[in-house]
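Have a look at the structure below before the remarks.
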2 protein chains.
Amino acid sequence: MDKRITIYDLAKTLGVSAGTVSRSLNDHPSISQKTKDRVISKANELGYKTNKFAVNLSTQKSNTIGVIVPKLNSIFMSTVLAGIEKIANEAGYNLIISQSLESMEKEKLNAKTLYDSGVDALLVSLAYDTTDFDHFANYIRNKIPLIFIDRVHNLPNCSTIIIDNKLAGFEATEHLITQGCKNLLYISGNLKRNVYSERLKGFKEAMAKHNLKFNQANLLESDLGPSSVKDVIAHINNNDIPIDGLFVANDTFAAHCIKELKKEKYKIPSDIKIIGFNNDPISELVTPTLSTINYPGYELGVLAGQSVISHLNGGIDLHPANSITLRHKLIIRESTL
Amino acid sequence: MDKRITIYDLAKTLGVSAGTVSRSLNDHPSISQKTKDRVISKANELGYKTNKFAVNLSTQKSNTIGVIVPKLNSIFMSTVLAGIEKIANEAGYNLIISQSLESMEKEKLNAKTLYDSGVDALLVSLAYDTTDFDHFANYIRNKIPLIFIDRVHNLPNCSTIIIDNKLAGFEATEHLITQGCKNLLYISGNLKRNVYSERLKGFKEAMAKHNLKFNQANLLESDLGPSSVKDVIAHINNNDIPIDGLFVANDTFAAHCIKELKKEKYKIPSDIKIIGFNNDPISELVTPTLSTINYPGYELGVLAGQSVISHLNGGIDLHPANSITLRHKLIIRESTL
DNA sequence: TTTTATTACGCAACCGATTGCGTTATTATG
DNA sequence: CATAATAACGCAATCGGTTGCGTAATAAAA
């Protein structure tokens, strides 16, 4: 019905050139204030809307930021996203979000799609099984800001935003030891991912510091899916020396473990003390409440957002290959007392 | 460095016109197979990438779908999004996701931004306090598919995807009554939203059917934030007749209620039976495990996605103003036994 | 073989901005 | 008052595709 109004329409009715209209609308210095006012008021009067498609083509920027996360439906990730979205939105950027579903293949596809659709920057939290990183080469080559969050990988000229997983793992483990645990078990996610391998390092260091020797029985690598709880139970039941301290890679899985362990008549925390990770809402709703490491997802998202925006605005990378580390915090609750 | 290759470059090196290249790449019928093959192989050889910006401008479509949700960091919503994303992605659409943070003002802003950035369709789950809907007028006027999910509103020519909240509320309530509850309390979210008001209807109907008379003491409207649990406790403690059955608007809030009620020495379920809503993961991890209504978030997302895509592909709206209702399911666990 | 369809392409307008450069009006300087 | 600066704006190319319409080449029908 009502044809969309273009700068040419405005130009014609105002008796100026399209260029002048464009510059007026963008508050370009070489246009007099009077003309700007005329243009702007006429634009409002006629209900002019700038056509983003045209702007994008001519500027070769999309004002969108791509995000690839393993799974949307995780409370941690969606919290991170909430933080990113807030910042991006305030800065006038849209967020295109896609999920890799923990598959490198899908991650590659997503990276390509987002690249093709011309995102101005990309934020990535890696899939479980991502081993090569060629799918990010295009971004780096074309100097499109690429920032890894949480599940990171060190690529030249890419920022990373993380917490000190090793230290966090150390603190969690030491806490268990301090509470009297002698035979620990670290239930880890895929060790290819920094978050889990770093925590393992911390785990080992804490053990070493307290003269506990680490062996394979102290480690169980898992996909952390609900159905894998049975593996945990089996591992614990079949262990020679009874396990009395559990460090679990995330709170949700820890909660599942608690539930099943209780079924198996283990007393938490008297028989087995448990500490989780993330400080998900669930951690204070289970019985007993779950000790954990606070992982500030929202702040992480905010920082990631700010980092991208500053890259984008700064033009030149302010911090080539920098890395931001957020503060974590040990939270002690009933499950380790 | 390596200049981006355009169809004009291809055209020149192949000795054909740009139009032919374009049509070849899009598998247009009026191009011979031989030419198509030549073009395509040369395109691959030279690493041609189509410039989405140009495509968007000339077709006036963006291949993106906008989504506005109240909050990203809710397990239910992120599950819905996961479903939407999967379908959209498979169909070659990108998802631009934004959150209203339960504020109508931000919802308006988001709607405008997404409209301006030219989304091909919009999916919306309404904010708590959305009362007018002018911000969607542009979509409707320009025949951009607009689909409401979960928290819906009936607008002409807009689809809605929901569950039968009234029936679900009825079943939840009747279940409590069947279990012997006489004095019920429905802890509701903002009654302006269909999901909560519909459940209230079901709640009242079930009471009426079983000869319980409803009065204001049976209803507590809440923002369902963790800090509002104290209102619930106060309401229960101060009630003349002891409340013995709780129907809570979502599982997370129900979990918080359980926790606090236990602190107040109420026995669950013997003193008070509780049923939640959504079947969030948390519902089977709390003690006692929480009865609830299964709300298939992922399926809802998938359906929403499919619905949008079919609108988009069909061109003409296949189902003007239709409404899809998903099947819910009563799940009985310890908290009501 | 001529006429009529088809097939396969080319031409060029168009989508709606942005922007470097040139030109004219205006103001400042000598 | 003449000239140099500056300010304010117009011109037109450009971004990279899409697509209606016209036409030459080839195939089918008369």
Side-chain angles (χ1 to χ4, degrees), chain A residues 2-40 42-43 46-64 92 115-120 142 144 315, chain B residues 2-40 42-43 46-64 92 115-120 142 144 315:
Chain A
D2 36 12
K3 285 291 297 167
R4 227 167 132 79
I5 294 185
T6 72
I7 55 170
Y8 297 100
D9 300 328
L10 284 177
K12 195 179 301 173
T13 62
L14 286 166
V16 297
S17 77
T20 299
V21 173
S22 173
R23 282 187 251 256
S24 295
L25 261 18
N26 292 316
D27 202 26
H28 191 285
S30 79
I31 298 290
S32 73
Q33 192 56 49
K34 187 159 60 168
T35 305
K36 283 180 186 171
D37 292 342
R38 280 183 62 219
V39 171
I40 291 171
K42 180 60 78 176
L46 269 49
Y48 167 80
K49 295 274 165 90
T50 137
N51 184 320
K52 286 275 169 56
F53 299 144
V55 178
N56 292 346
L57 174 59
S58 120
T59 61
Q60 295 294 324
K61 321 196 78 201
S62 64
N63 247 50
T64 59
Y115 179 78
D116 288 344
S117 48
V119 293
D120 297 336
N142 293 56
I144 297 172
Chain B
D2 35 9
K3 286 292 297 166
R4 227 169 131 78
I5 293 183
T6 71
I7 54 170
Y8 296 100
D9 299 329
L10 284 177
K12 197 179 301 174
T13 63
L14 286 166
V16 298
S17 77
T20 299
V21 173
S22 173
R23 282 186 252 256
S24 295
L25 261 16
N26 292 316
D27 202 29
H28 191 284
S30 79
I31 300 290
S32 72
Q33 192 57 47
K34 186 158 59 166
T35 304
K36 283 181 187 171
D37 292 342
R38 281 182 61 220
V39 172
I40 290 171
K42 180 60 80 176
L46 269 48
Y48 167 80
K49 294 273 164 89
T50 136
N51 183 321
K52 285 275 169 59
F53 299 144
V55 178
N56 291 346
L57 175 59
S58 91
T59 60
Q60 295 295 324
K61 320 197 81 202
S62 63
N63 246 49
T64 59
Y115 179 77
D116 287 344
S117 48
V119 293
D120 296 338
N142 293 57
I144 297 172

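For the numbers below, each heavy atom of this structure counts, side chains included, while hydrogens, waters and symmetry mates do not. Per chain, numbering begins at 1; letters A, B, ... match sequence-line order.
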Given [N], is OP1 or OP2 found less than 4.0 Å from the side-chain N or O atoms of [X]?
X: A:Ser58; N: C:dT19; value: no
X: B:Thr35; N: C:dC9; value: yes
X: A:Tyr8; N: D:dC11; value: no

### Query
Roughly how far apart are B:Thr20 OG1 and B:His28 NE2, rounded to 0.5 Å?
10.5 Å
### Query
For the atom pair CG (B:Asn51) and CD1 (B:Ile7), what is the distance rounded to the nearest 0.5 Å?
10.0 Å
What integer distance in Å separates [X]:[atom1] from [N]:[atom2]?
X: B:Leu14; N: C:dA8; atom1: CG; atom2: P; answer: 17 Å
X: A:Ile31; N: D:dT6; atom1: CD1; atom2: C1'; answer: 14 Å
X: A:Leu46; N: C:dG16; atom1: CG; atom2: C1'; answer: 16 Å
X: A:Gln33; N: D:dC9; atom1: CD; atom2: P; answer: 11 Å
X: B:Phe53; N: D:dT14; atom1: CZ; atom2: C1'; answer: 16 Å
X: A:Arg4; N: C:dC14; atom1: CZ; atom2: P; answer: 19 Å
X: A:Ile7; N: D:dC9; atom1: CD1; atom2: P; answer: 16 Å
X: A:Gln60; N: C:dG16; atom1: CD; atom2: P; answer: 18 Å

## Note on the structure
Which of D:dG16, C:dA17, D:dT18 is nearest the side chain of A:Ala54? It is C:dA17
### Proximity to DNA chain D (any heavy atom under 4.0 Å), residues of residues 16-27 of chain B only
B:Gly19, B:Ser22, B:Arg23, B:Asn26
### Query
Hey, is B:Lys52 close enough to A:Asp116 for a salt bridge, meaning N to O under 4.0 Å?
no
Categorize [X] for me: base, sugar-phosphate, or nothing, with a 4.0 angstrom heavy-atom threshold over every strand shown.
X: A:Ser30; value: base
X: A:Gly15; value: sugar-phosphate
X: B:Lys49; value: sugar-phosphate

Would you say the side-chain atoms of [X] pair up with the backbone N or O of [Y], donor to acceptor, closer than 3.5 Å?
X: A:Asn56; Y: B:Phe53; value: no
X: B:Asp120; Y: B:Asn63; value: yes
X: B:Asp37; Y: B:Lys34; value: no
X: A:Ser24; Y: A:Val39; value: no

